[in-house]
Protein chains: 2
Amino acid sequence: MAFKVGEVSRLTRLSVRALHHYDSIGLVKPSGRSASGYRLYTERDLERLQEVSFYRALELSLEDIVRALADPASDRRRVLLAQRALLEQRLEKTRAVLALLDDTLRAFDGERTMTTEEMFGAFDPTEYEEEAEARWGDTEAYRISQERTKRYGAADWAAMKAEAATILDDFATLAAEEVPATDDRAADVAERHRLHLYRWFYPTSREHHAALGRMYVADPRFAANYDQRRAGLAVYVRDAILTNALR
Amino acid sequence: MAFKVGEVSRLTRLSVRALHHYDSIGLVKPSGRSASGYRLYTERDLERLQEVSFYRALELSLEDIVRALADPASDRRRVLLAQRALLEQRLEKTRAVLALLDDTLRAFDGERTMTTEEMFGAFDPTEYEEEAEARWGDTEAYRISQERTKRYGAADWAAMKAEAATILDDFATLAAEEVPATDDRAADVAERHRLHLYRWFYPTSREHHAALGRMYVADPRFAANYDQRRAGLAVYVRDAILTNALR
DNA sequence: CCTTGACCCTCCCGCGACGGGAGGGTGCAT
DNA sequence: ATGCACCCTCCCGTCGCGGGAGGGTCAAGG
């Protein structure tokens, strides 16, 4: 009925050291201790450890797992969606780095030397610098964004753009399938969009996100960018963002 | 001619702290110091920092960058190939985790609860355990392999299989294009195969790899596995491996 | 000549999720 | 009584810096 660490380790395939760690941070504390101080796990503890293993397989941080297990479904969903955004970002970034790496290897095979342009790619992230500054220069969000983006390399920008394209695609697909912008699925994509901004640029609150949504329609250049992808998409995106902000 | 850390930071977009760090580990040491102890970087130092930035964009570890910069082309290629293997592995793994995550989210949306089988997938990695042990049980390589694989989860196995499939694909494609197994491109894929084994199972030397290559032909079950993908592929793979081992 | 402010220096702690080891106690079989 | 497998609690190390404390340096302005 009560298992010692070694037994638990064999049953769960978690290392004894990991069990110690989970105990010390309060993620999974054994229900009891023997007279001599041995950790004693009950079957309920084992179930919790199984759940932890599962969430670890999704590469959630231990902190997130604590949150996810703390209260039922409601919060769990949010944590998983956030994790999805993180993983998708990593996927795009890895793809971009691999592409850069392959270019480099090709240059080696061809015995040529690399130029600076080859090294850093054609995209010039400072292109819109002046404009953005004039518009948002004195906002806090802009400062944070500047702070972060100045450390991005070519691969980061490529990854960011790829991810943005994916999200735009998903909006366009939903719109094409005539899923209303007030549907949960549209709001889910809007949430991914928010997290995308959150991670790549600055902490974007739902309110701030809603303000951005309005601007996508109000500013003709943003609107044109969306609408050339599909007619009415700017309005669709705005509404999905509003739906997400209010749910 | 001589730049202080702040200037270098602005020129290279590396943080001052990073410059200190590179100095302290000996990656990029400034050519001089001022009387008062200020780091003074020459233009040659700046060039080296550019190279470091570039390799960092490929996500090489600082240690690998030291190696890559230490001696010219010969070693650089090896480092890049190893990095390619690592990134590809991460790509596959991330894809697998994302798939698992999406399954989980779908289960949430459908309001169903997850079964253990859904959680851990259909693949049973212990399927071949007895056989493998009978064959290689007393080898050092097998022990290390056991040590490592017992910590793998469903997503790892899926990622490993996906990566193996990619490599097999590349062999098949080269064979289909009648690229000789002695070609550098075939040997490159063989090297990726070796690194695949190296990372997922145990440190595989080129000699050991060559032995495995011979076995792929000698053992009818291995051979059949390759040849059902494409006739003569087992021999092709073996020869590519031998080419790689000898170059 | 002195102060101010921007810059520079050298430690040193912290992150995340443990791995690994030292130094020492426990529990059961021989 | 001894051996051996198992358990415990610290504590250091990983990787690439971020951030801060505590203190020196340098040119400009009062």
Side-chain angles (χ1 to χ4, degrees), chain A residues 2-30 32-41 49 52-68 83 86 90 93 97 144 147-148 150-153 156, chain B residues 2-30 32-41 45 49 52-67 83 86 90 93 97 144 147-148 150-153 156:
Chain A
F3 307 94
K4 287 182 286 181
V5 277
E7 296 159 340
V8 174
S9 173
R10 253 164 279 139
L11 288 168
T12 61
R13 294 191 164 302
L14 293 164
S15 71
V16 171
R17 193 60 191 76
L19 294 174
H20 286 177
H21 188 56
Y22 296 166
D23 184 0
S24 76
I25 65 169
L27 174 55
V28 183
K29 284 195 168 298
R33 290 277 185 148
S34 78
S36 45
Y38 288 13
R39 270 164 264 255
L40 296 177
Y41 292 83
L49 282 169
V52 170
S53 296
F54 175 64
Y55 285 113
R56 280 259 70 201
L58 298 181
E59 306 202 359
L60 285 170
S61 70
L62 298 185
E63 211 184 322
D64 282 346
I65 297 179
V66 170
R67 265 197 287 281
Q83 182 67 357
L86 192 91
R90 205 166 75 188
K93 164 112 195 193
V97 174
I144 297 175
E147 196 61 32
R148 297 173 61 169
K150 75 179 178 197
R151 305 267 175 236
Y152 289 173
D156 298 278
Chain B
F3 307 94
K4 288 183 285 179
V5 276
E7 295 160 342
V8 174
S9 173
R10 254 164 280 140
L11 287 168
T12 60
R13 294 189 163 300
L14 293 165
S15 72
V16 170
R17 192 63 191 75
L19 294 174
H20 286 177
H21 188 55
Y22 296 164
D23 184 2
S24 78
I25 65 171
L27 174 55
V28 183
K29 284 195 170 298
R33 292 275 185 149
S34 77
S36 45
Y38 289 12
R39 270 164 262 255
L40 296 177
Y41 292 83
D45 294 336
L49 282 170
V52 170
S53 296
F54 175 63
Y55 285 114
R56 280 259 73 200
L58 298 181
E59 306 202 0
L60 284 170
S61 70
L62 298 184
E63 210 184 323
D64 282 346
I65 296 180
V66 170
R67 264 197 287 281
Q83 180 67 0
L86 191 94
R90 208 168 72 189
K93 164 110 196 197
V97 174
I144 296 175
E147 196 62 30
R148 297 173 61 170
K150 74 180 178 196
R151 304 269 176 236
Y152 289 175
D156 298 280

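Lettering of chains follows the sequences in order, A, B, ..., and the numbering in each one begins at 1.
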* Under the salt bridge (Lys or Arg N to Asp or Glu O under 4.0 Å) rule, collect the residues that match up with A:Glu7, sequence neighbours excluded. => none
* Nearest-Å distance, CG (A:Leu14) to C1' (C:dA17)? -> 12 Å
* To do: Report the distance from atom CD1 of B:Ile65 to atom P of D:dC15, rounded to the nearest whole Å.
  => 14 Å
* **Side-chain N or O of A:Tyr22 closer than 4.0 Å to phosphate OP1/OP2 of C:dA17** => no
* **For A:Arg33, all residues meeting salt bridge (Lys or Arg N to Asp or Glu O under 4.0 Å), sequence neighbours excluded** => A:Asp23
* Asked: Hey, does A:Ser34 reach any base, or is it just sugar-phosphate, or nothing, if we go heavy atoms under 4.0 Å?
  -> nothing
* Asked: Atom CG of B:Leu62 to atom P of D:dG16: distance rounded to whole Å?
  -> 4 Å
* Hey, does the side-chain of B:Arg17 have a donor or acceptor N/O within less than 3.5 Å of a partner on the base of D:dG16? -> no
* Structure fact -> Closest to the 5' end of DNA chain D, once B:Ala35 and B:Glu63 are matched to their nearest nucleotides, is B:Glu63
* To do: Mind checking side-chain contact (heavy atoms from CB on, under 4.5 Å) for B:Ser36 and listing every partner two or more places apart, or none if nothing turns up?
  => B:Ser34, B:Tyr38
* Expressed in angstrom and rounded to an integer, what is the separation of A:Leu60 atom CG from C:dA17 atom P? -> 10 Å
* To do: Determine whether B:Lys4 and B:Arg39 make a side-chain contact, defined as any pair of heavy atoms from C-beta on separated by less than 4.5 Å.
  => no
* Please name all residues satisfying side-chain contact (heavy atoms from CB on, under 4.5 Å) with B:Val8, sequence neighbours left out, ordered by chain then number. => B:Phe3, B:Thr12, B:Leu19, B:Tyr41, B:Leu46, B:Leu49
* Please lay out, stage by stage, how B:Ser9 and B:Leu14 fare under the test side chain to side chain contact (heavy atoms under 4.5 Å, CB included). => CA-CA 5 Å; B:Ser9 173; B:Leu14 293 165; 5.8 Å; no
* To do: Check the distance between C:dC7's C1' and B:Leu19's CG and give it to me in whole angstrom.
  => 14 Å
Provide a list of protein-nucleic acid N or O atom pairs under 3.5 angstrom, restricted to nucleotides 6-8 of chain D.
unit_1: D:dC7; atom_1: OP1; unit_2: A:Gly6; atom_2: N; d: 2.7
unit_1: D:dC8; atom_1: OP1; unit_2: A:Arg39; atom_2: N; d: 2.9
unit_1: D:dC8; atom_1: OP1; unit_2: A:Arg39; atom_2: NE; d: 2.9
unit_1: D:dC8; atom_1: OP2; unit_2: A:His20; atom_2: NE2; d: 3.0

* Structure fact -> Hits for side-chain contact (heavy atoms from CB on, under 4.5 Å) against B:Arg56, two or more places apart or cross-chain, chain-then-number order -> B:Tyr22, B:Val52, B:Leu62, B:Ile65
* To do: For B:Asp45, enumerate each residue passing the salt bridge (Lys or Arg N to Asp or Glu O under 4.0 Å) test, keeping only those at least two apart in sequence or located in another chain.
  => none
* Structure fact -> From CG of B:Asp23 across to P of D:dG16 the rounded distance in Å is 16 Å
* d(CZ, A:Arg56; P, C:dG16) in whole Å -> 12 Å
* **Separation of atom CD1 in B:Ile25 from atom C1' in C:dT10, rounded to whole Å** => 18 Å
* **side chain to side chain donor-acceptor pair (under 3.5 Å) involving B:Arg17 - partner list, sequence neighbours excluded** => none
* Structure fact -> Computed from five pairs at either end and rounded to 10 degrees, the angle between the axes of the helix from C:dC1-D:dG30 to C:dT30-D:dA1 is 40°
